[in-house]
2 protein chains.
Amino acid sequence: MVVEYKTRTQVVVEAIREKILTGAIKAGEPLRQAALADELKVSRIPVREALLQLEAEGLVEFEAHKGATATKLSAEQVTELFELRALLECELLRMAIPRLTEAELAQSEQLLQQMSEAYQAADTSGSWSELNSRFHMSLYRAANRPLTYEMVQNLNSNSDRYIRVHLMLAGGVKKAGPEHENLLQLVRQKKADAACQLLKQHILGAAAEIKLLVTKLDGG
Amino acid sequence: MVVEYKTRTQVVVEAIREKILTGAIKAGEPLRQAALADELKVSRIPVREALLQLEAEGLVEFEAHKGATATKLSAEQVTELFELRALLECELLRMAIPRLTEAELAQSEQLLQQMSEAYQAADTSGSWSELNSRFHMSLYRAANRPLTYEMVQNLNSNSDRYIRVHLMLAGGVKKAGPEHENLLQLVRQKKADAACQLLKQHILGAAAEIKLLVTKLDGG
DNA sequence: ACTTTGGATATTGTATACAAAAATAATCAG
DNA sequence: CTGATTATTTTTGTATACAATATCCAAAGT
């Protein structure tokens with residue numbers, strides 16, 4: 001196990017990312033460098049560097065001389081985000097299926113178990129979402145596509161924010177349970193086409209619900 | 001027309017990007033902050049910020065306390081890069097085709113014209129490559145998919161580097177001419193399936209040639 | 001009241017200075 | 001001479017200080 005020495009910038013990246021994902025910082029909200037620096041007990045330099053990295057992740061938007069804001073996606077952009085996920089994740093899943101070992105599948109299954117527990121414990125905001133991402137990603141690692149994998153990870157971060165804020169309240173989480181289990185079963189049986197179709201449906205279904213909620217909020 | 005005031009960081013980003021794309025900085029080469037700052041007559045701060053942005057673009061790799069290097073892709077990664085492009089660009093093209101206006105198509109055609117001129121003038125290193133990217137992107141703008149569009153733009157930057165360094169020497173450029181014209185024709189005729197297939201073939205064909213060259217260089 | 005203009009204030013961008021880590025050179029034991 | 005170990009140097013990471021830009025607000029003119 002590598003000890004992974006962390007630079008201040010990295011710590012700040014994680015802190016701000018967490019704030020955005022949990023909704024502590026809302027979409028569109030300005031991110032003042034001085035305030036963040038003060039709060040995190042660092043100078044503005046690591047804050048600026050962190051904001052730049054988060055911009056690359058799509059969580060933050062930077063405008064010269066005007067500062068950064070938490071990215072606010074329009075309904076169309078949310079749609080695009082989820083459709084991109086559907087496209088890329090299906091591709092990854094298709095490539096992963098023939099290579100997934102039983103050990104890896106067992107891990108995915110364990111994540112499902114944990115998600116179910118988190119759901120029972122009504123801990124739907126934090127852990128469930130985290131586990132959800134990890135479950136999805138656990139199916140893709142075997143695809144051996146580092147570039148695509150990283151992209152999908154970013155897209156997941158982004159959509160996660162919307163899942164947490166919006167879908168929790170609706171019945172989205174309840175529906176996800178059986179869908180995940182069916183998906184895992186199809187993957188186990190190496191039924192690539194069926195699995196991909198279900199995955200696509202799973203992602204786009206969530207997208208549709210979230211889009212509704214987003215447009216409702218923007219409109220009223 | 002917006003005057004677009006440029007910050008030093010942005011200038012440095014463009015300068016370093018250009019150096020990497022043209023091969024002035026070779027893959028794997030370390031990028032010393034002080035040296036770059038000195039050369040570009042700025043302090044290390046904008047250099048660092050530029051390097052971070054370029055890391056997000058995939059052109060640079062950053063390691064804590066060790067510095068940045070120009071990204072060096074393995075043969076597998078080059079393959080993945082081009083396959084990703086094929087996937088995403090086809091998606092964009094398919095969405096763009098029904099929306100492309102004659103005015104936009106005329107612009108694309110003009111780019112082809114310019115490419116042909118650049119080719120005649122044996123200016124294959126700089127302008128041709130630049131025009132090649134612009135031609136591809138000109139077909140996708142109408143898709144109205146800003147997120148995907150930006151991703152593809154990055155991927156293009158990355159693959160461009162390999163195209164410039166390697167394919168120039170081989171016959172890749174010569175082949176591209178007719179392929180581009182055929183593609184544009186199919187797009188004009190709104191033959192989405194055929195156009196996408198040709199595009200895919202166009203990208204993957206280039207990938208195959210480049211992969212050969214990359215493995216050859218790495219091996220010997 | 002409404003716009004305009006000038007300046008105070010806040011905020012970002014960049015240079016400089018210093019601290020921390022890594023890479024390199026020098027010393028010394030065997 | 002070799003290899004380990006400790007200085008020395010180089011390079012990166014971060015804080016502080018200052019410059020440039022944008023934002024806000026009050027006063028003046030219409």
Side-chain angles (χ1 to χ4, degrees), chain A residues 1-20 24-72 150, chain B residues 1-20 24-72 150:
Chain A
M1 172 99 184
V2 187
V3 188
E4 272 308 330
Y5 195 24
K6 261 182 200 163
T7 182
R8 284 187 226 274
T9 300
Q10 288 170 273
V11 174
V12 174
V13 165
E14 284 167 27
I16 300 179
R17 185 195 288 125
E18 203 53 25
K19 273 180 187 289
I20 295 177
I25 293 174
K26 278 171 296 216
E29 198 174 325
L31 301 165
R32 289 292 134 70
Q33 297 171 11
L36 288 166
D38 202 50
E39 184 185 334
L40 299 169
K41 317 275 193 201
V42 295
S43 80
R44 270 174 49 225
I45 298 288
V47 171
R48 282 182 63 81
E49 298 195 346
L51 290 174
L52 282 172
Q53 283 186 239
L54 291 167
E55 183 184 35
E57 291 181 26
L59 290 175
V60 157
E61 271 167 9
F62 224 104
E63 207 172 346
H65 296 289
K66 297 207 179 169
T69 56
T71 306
K72 184 187 183 80
E150 204 193 313
Chain B
M1 170 97 184
V2 187
V3 186
E4 272 308 330
Y5 195 23
K6 261 183 201 161
T7 181
R8 283 188 227 277
T9 299
Q10 289 171 274
V11 174
V12 174
V13 165
E14 284 168 26
I16 300 179
R17 186 195 288 124
E18 202 54 26
K19 273 179 187 292
I20 295 177
I25 294 174
K26 277 171 297 218
E29 197 174 325
L31 301 164
R32 288 290 133 68
Q33 297 170 11
L36 288 166
D38 203 51
E39 183 184 335
L40 299 169
K41 317 274 193 201
V42 296
S43 81
R44 269 174 49 226
I45 298 289
V47 171
R48 281 183 64 81
E49 297 195 347
L51 289 174
L52 282 172
Q53 284 185 238
L54 290 167
E55 183 185 35
E57 290 181 27
L59 291 175
V60 157
E61 270 166 10
F62 225 104
E63 207 173 345
H65 296 289
K66 297 209 180 167
T69 56
T71 306
K72 183 186 183 81
E150 204 193 313

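Naming convention: chains lettered A, B, ... in sequence-line order (proteins, then strands); numbering from 1 in each chain.
Heavy-atom distances to DNA chain D give each of B:His65 and A:Arg44 a nearest nucleotide, and the one nearer the 5′ end belongs to B:His65. Toward the 5′ end of DNA chain D lies the nearest nucleotide of A:Val42, the other residue of the pair A:Val42 and A:Lys66 mapping further downstream.
Comment: A:Glu29 does not engage A:Lys19 in a salt bridge, judged by the lack of any side-chain N to carboxylate O separation of less than 4.0 angstrom.
For the OP1/OP2 pair of D:dA15 and a distance below 4.0 Å, the side-chain nitrogens and oxygens of A:Arg8 include at least one atom meeting the criterion. An OP1 or OP2 oxygen of C:dT14 is reached within less than 4.0 angstrom by a side-chain nitrogen or oxygen of B:Thr9. The phosphate of D:dT14 has OP1 or OP2 within less than 4.0 Å of a side-chain N or O from A:Thr7. For C:dA10, neither phosphate oxygen OP1 nor OP2 lies less than 4.0 angstrom from any side-chain nitrogen or oxygen of A:Gln33.
Of the residues B:Thr9, B:Val13, B:Leu31, the one that meets the side chain to side chain contact (heavy atoms under 4.5 Å, CB included) test with B:Leu51 is B:Leu31. Each of A:Ile25, A:Leu52, A:Leu54 was evaluated against A:Val60; a single residue qualifies, A:Leu54, per the side chain to side chain contact (heavy atoms under 4.5 Å, CB included) test.
For A:Glu49 and D:dT12, the CD to P distance is 12 Å, given to the nearest whole Å. Between the P atom of C:dA10 and the CG atom of A:Asp38 lies a distance of 15 Å, rounded to the nearest Å. The distance between atom CD of B:Gln10 and atom C1' of C:dT14, rounded to the nearest whole Å, is 14 Å. The interatomic distance linking B:Leu52 (CG) with C:dG13 (P) rounds to 14 Å, in whole Å. Taking atom NZ of residue A:Lys6 and atom P of nucleotide D:dT12, one finds them 23 Å apart after rounding to whole Å. Here C:dA22 presents its P atom at 10 Å from CD of B:Glu63, a figure rounded to the nearest Å. D:dT11 atom P lies 15 Å from atom CZ of B:Arg48, rounded to whole Å. When rounded to the nearest whole Å, the span between CD1 of A:Ile45 and C1' of C:dT14 equals 8 Å.
Listed here is the closest heavy atom pair of B:Pro30 and B:Thr69: CA-CG2, 3.8 Å. Contact record, B:Gly58 with B:Thr71: O-OG1, 2.9 Å, taken as the closest heavy-atom pair.
The side chain of B:Phe62 lies closest to D:dG13 when the candidates are C:dT12, D:dG13, C:dA15. Residue B:Ser43 places its side chain closer to C:dT14 than to any other of D:dT14, D:dT12, C:dT14.
Among the protein residues, A:Leu31 comes within range of the sugar-phosphate backbone only, with heavy atoms under 4.0 Å from sugar or phosphate atoms but none that close to a base. Within 4.0 Å of A:Arg32, counting heavy atoms only, lie sugar-phosphate atoms of the nucleic acid but no base atom.
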